[in-house]
Structure formats: structure tokens, C-alpha cells
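What follows is a short report on a single structure.
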Amino acid sequence: MNHPIANHLIHWHEAHPRALVWKQYSDAYSIWLSEIIMQQTRVEQGSAYFEAFKNAFPTVFDLAKAPLDEVIRLWEGLGYYSRARNLHLTAQVLVKDYQGVFPKTPNEIQQLKGIGPYTAAAIASFAFNYPIAAIDGNAYRVLSRLFDIDTPIDSSSGRKQFQELGNSLLDPAKSGTFNQALMNFGALVCTPKKPKCNDCVLQQQCLSFSNQTTDSRPVKSKSLKKTPRYFNYFFLQQGKDTWIGERKSADIWQNLYEFPLIETSRPLDLDSLVEQAQAKNFLPAEFTIKKLHTDLKQILSHRIIYTKIVEIEVPKAFSLPHFQKTAIQAIGSQPFPRILKKFLTQQGISANSNQ
DNA sequence: AACTCGGGGGC
DNA sequence: GCCCCAGAGTT
């Protein structure tokens with residue numbers, strides 16, 4: 001009995017064919033070669049390498065008898081060069097110990113150097129239709145969203161959970177097609193950023209869609225800690241005065257004080273920052289940029305705050321609504337985030353730190 | 001479980 | 001700058 005999700009994926013897959021250069025081959029050697037080349041590699045980058053390798057080494061015997069130098073040279077520019085060394089070594093093992101014939105079960109295949117759980121499952125299912133799910137980055141993402149699973153995918157329990165889930169979904173008679181469908185779906189629809197949920201044939205049964213958690217799936221134990229934010233402060237100076245404001249929203253540093261802030265989704269250069277500050281009326285028509293302080297960083301439990309501070313002198317006539325005008329030497333009496341406190345101390349301001 | 005291995009593209 | 005990419009090997 002076929003799982004409905006597998007049926008949907010396979011139907012979608014058949015309606016949206018993807019031209020992958022290695023899919024014209026169905027022999028284990030070509031599949032193995034393509035899978036090694038494509039590990040942690042984008043299709044656009046790896047395709048030409050596959051064709052070059054297939055051209056230079058049409059069979060496992062050609063690869064095995066080639067000098068390692070030649071294999072490395074063909075690999076040049078692809079990265080992770082141990083893949084090339086293991087590829088060559090495994091070709092020689094296959095010729096010497098296996099008469100050039102691939103073993104047919106995942107456990108046997110995974111004994112070969114350079115082949116881990118994913119690649120073993122991919123070869124076994126694509127070449128021999130062995131019923132096992134090939135769990136790559138796409139599969140982790142798609143499955144974690146469909147079932148709204150927050151188990152970290154980079155934990156041993158997570159790997160086990162997703163492997164078993166994948167195995168339970170696939171149609172044993174069509175494991176290769178299922179695996180291909182799952183990966184293509186992840187690459188084209190259920191993408192890491194801005195997934196195409198509006199065009200998704202599985203939207204109805206996607207738990208993370210209904211729970212609005214697609215942006216935080218899959219969970220990784222490492223990345224859970226350090227989502228970057230980019231804070232750009234404007235240290236405006238009018239003689240001995242400056243402007244500060246209280247952080248009031250339900251966010252980090254609530255009720256602490258700060259300079260006028262522009263938060264951006266990525267690092268911006270000085271010109272762009274000034275442009276945005278003008279748009280928000282943080283600046284008068286005329287001003288003097290005194291200095292840009294950069295390389296300020298604060299690491300929180302789950303965030304890294306990359307901070308820039310633009311130091312600007314403004315004319316006497318300027319005033320900034322919605323912010324408190326304060327004597328620079330007196331701002332130490334207000335609570336500031338550590339990174340701003342540190343900055344002020346470095347500037348010789350606000351010596352009365354009490355944190 | 002944590003670290004290391006790369007180059008490229010996206011934002 | 002950091003994430004992500006048809007992950008795996010070593011410590």
C-alpha cells in the first residue's frame with residue numbers, strides 16, 4: 001500500500017521532469033560517480049564535472065587504472081578533495097575485490113570509502129531499486145516541514161528518526177522514483193528560503209505550513225544558536241548632546257537604551273546606511289560623518305548581533321523627535337546593552353559602569 | 001558529539 | 001557575512 005504523500009510526490013515528480021545530466025545512465029558505476037561528485041555540491045556546479053569524469057573514465061576499470069594525479073586534476077575546483085581520493089581508491093577496491101561489480105545492499109555499499117548513509121541508499125535505490133530512503137539535505141527539509149519535526153537533523157536521534165520516516169513513506173516497489181521525487185521536490189518547491197507553498201501539492205497535509213513554522217524547519221542544533229542580526233546605530237552629536245531611546249518592543253534588550261537604530265537583514269555599507277537614515281528622518285539636510293565604527297559583535301545564546309555605529313555631527317538647529325536629547329557625559333546613568341556600554345567606555349564616555 | 005573538509009551562489 | 005548545497009571521515 002502506497003503512502004498518500006509518496007503518491008503526491010511521485011505524481012508531482014512525473015509532471016515536473018528535471019534534466020539532470022547523470023540521469024541518462026542507470027548503471028551503478030555512473031550513479032556512484034554522480035553521487036560522489038554531487039555531495040555538498042550544487043547541480044549547476046557539479047554537472048560539468050560528471051560529464052568530464054564520465055568522458056575520461058567511462059567504466060570503473062578506466063577509473064581504477066588511471067593515475068591519482070589525473071583524477072585530482074579533473075576534480076580541480078570542486079572542493080572536498082578527499083572525495084576524489086576516495087573515489088579513486090574505491091574504484092581500485094571495486095576492481096580488485098568485487099570484479100568491478102557493485103554490491104547491491106546499502107550495508108555492503110556503505111563499507112566502501114567515501115560512501116555514507118545517504119550515498120549508499122541512493123546507489124542501492126537508484127541502481128537496484130532496493131527499498132530504502134535516501135535522506136539528503138532536501139529530504140531532511142521536506143520531511144521536517146511535512147511533519148513539523150523539530151528534532152535536530154544533525155543529531156544521531158534525528159538522523160535515525162528521519163531515516164525511519166522516509167523508509168515508512170516510500171513505495172518499496174518504486175524506492176528509486178520516490179527518492180528522486182523527494183529530492184527534486186526539495187530542490188524546486190520546498191526550498192530552504194521562500195518555499196513555494198502556494199504552488200505546493202502537499203500544502204493541505206503540511207503540518208509546518210499550518211503551524212507557520214516552515215521558516216524554522218529543519219532544526220539544526222548548531223544553527224539554533226546563532227541567527228545573525230545586523231544593528232546599525234547613529235551616534236548623533238550636537239556639541240555635548242546626543243539622542244537615545246528606549247527599546248520597548250518585545251525583543252532582546254527590552255527597556256534598555258540605545259542610539260537611533262536601523263536594523264537590516266544583511267550588512268550594509270556606509271552610504272546605504274546614511275541613505276536609510278535620511279529616509280527615516282534620523283538626519284538633517286546637512287551633517288558631518290565623523291567616523292564609522294565597525295567590527296562590533298555581540299554573541300548571545302541564539303543570536304550574533306553584528307553592530308555598526310555611525311558617528312555624526314549635526315547642526316545646532318537640528319532636533320530629533322521621539323528620542324531623548326541627553327548630555328553625552330550623562331548617558332551612563334541609563335542602562336545600555338553591553339555592546340553599546342563597551343563602545344561608550346572605549347570612547348571615554350560613561351565610566352560609571354555598574355553592570 | 002564536535003570538527004574538518006571547499007568552492008560557489010543567494011540574499 | 002552567513003547559510004546552503006544529491007555528506008562523509010576523523011577525533
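For the numbers below, each heavy atom of this structure counts, side chains included, while hydrogens, waters and symmetry mates do not. In what follows, every chain begins at residue 1, and chains take the letters A, B, ... in the order their sequences are listed.
- Although no hydrogens or angles enter the test, the distance criterion places no donor-acceptor pair under 3.5 Å between the side chain of A:Q203 and the main chain of A:D199.
- A:T41 comes within 4.0 angstrom of a base, heavy atoms only.
- The CZ-P distance, from A:F162 to C:dA6, rounds to 17 Å in whole Å.
- Between A:Q40 and the phosphate of C:dC5, there is no side-chain N or O to OP1/OP2 separation shorter than 4.0 Å.
- Within 4.0 Å of A:I115, counting heavy atoms only, lie sugar-phosphate atoms of the nucleic acid but no base atom.
- More than 12 heavy atoms of other residues, nucleotides or ligands sit less than 6.0 Å from atom CD of A:Q24.
- Within the nucleic acid shown, A:T119 comes within 4.0 Å of sugar-phosphate atoms alone, with no base atom in reach, counting heavy atoms only.
- The base of C:dA6 has none of its N or O atoms less than 3.5 Å from a complementary donor or acceptor on the side chain of A:Q45.
- Donor-acceptor pairing under 3.5 Å, judged by distance alone, is present between the side chain of A:R42 and the base of C:dC4.
- Between the side chain of A:Q180 and the main chain of A:S175, no donor-acceptor pair closer than 3.5 Å is present.
- A straight line from OH of A:Y118 to P of C:dA8 spans 8 Å, rounded to a whole angstrom.
- Nucleic acid contact class of A:I37 (heavy atoms, under 4.0 Å, all strands): none.
- Base contact: A:Q180 has a heavy atom under 4.0 Å from a base atom.
- Looking at which nucleotide of DNA chain C each of A:N138 and A:N86 is closest to, the 5′-most match is held by A:N138.
- Here the two rings, on A:W243 and A:F318, have centers that are under 6.0 Å apart.
- In terms of modelled atom types and a separation under 3.5 Å, the side chain of A:Q237 and the main chain of A:E313 share no donor-acceptor contact.
- Among the atoms of the strands shown, only primed sugar atoms or phosphate atoms (P, OP1, OP2) are found under 4.0 Å from some heavy atom of A:R141.
- Between A:E35 and A:L112, the residue anchored closer to the 5' end of DNA chain C is A:E35, taking for each the nucleotide with the nearest heavy atom.
- Closest approach to the A:P117 side chain among C:dA6, C:dA8, B:dG6 is made by C:dA8 (side chain taken as heavy atoms from C-beta onward).
- To the nearest angstrom, P of B:dC3 lies 15 Å from OH of A:Y80.
- Heavy atoms of A:W75 sit nowhere under 4.0 angstrom from any nucleic acid atom.
- The NZ-C1' distance, from A:K220 to B:dA1, rounds to 16 Å in whole Å.
- Atoms CG (A:L87) and C1' (C:dA8) sit 14 Å apart, rounded to a whole Å.
- Atom CG in A:D136 sits roughly 5 Å away from atom C1' in C:dA6 (whole-Å rounding).
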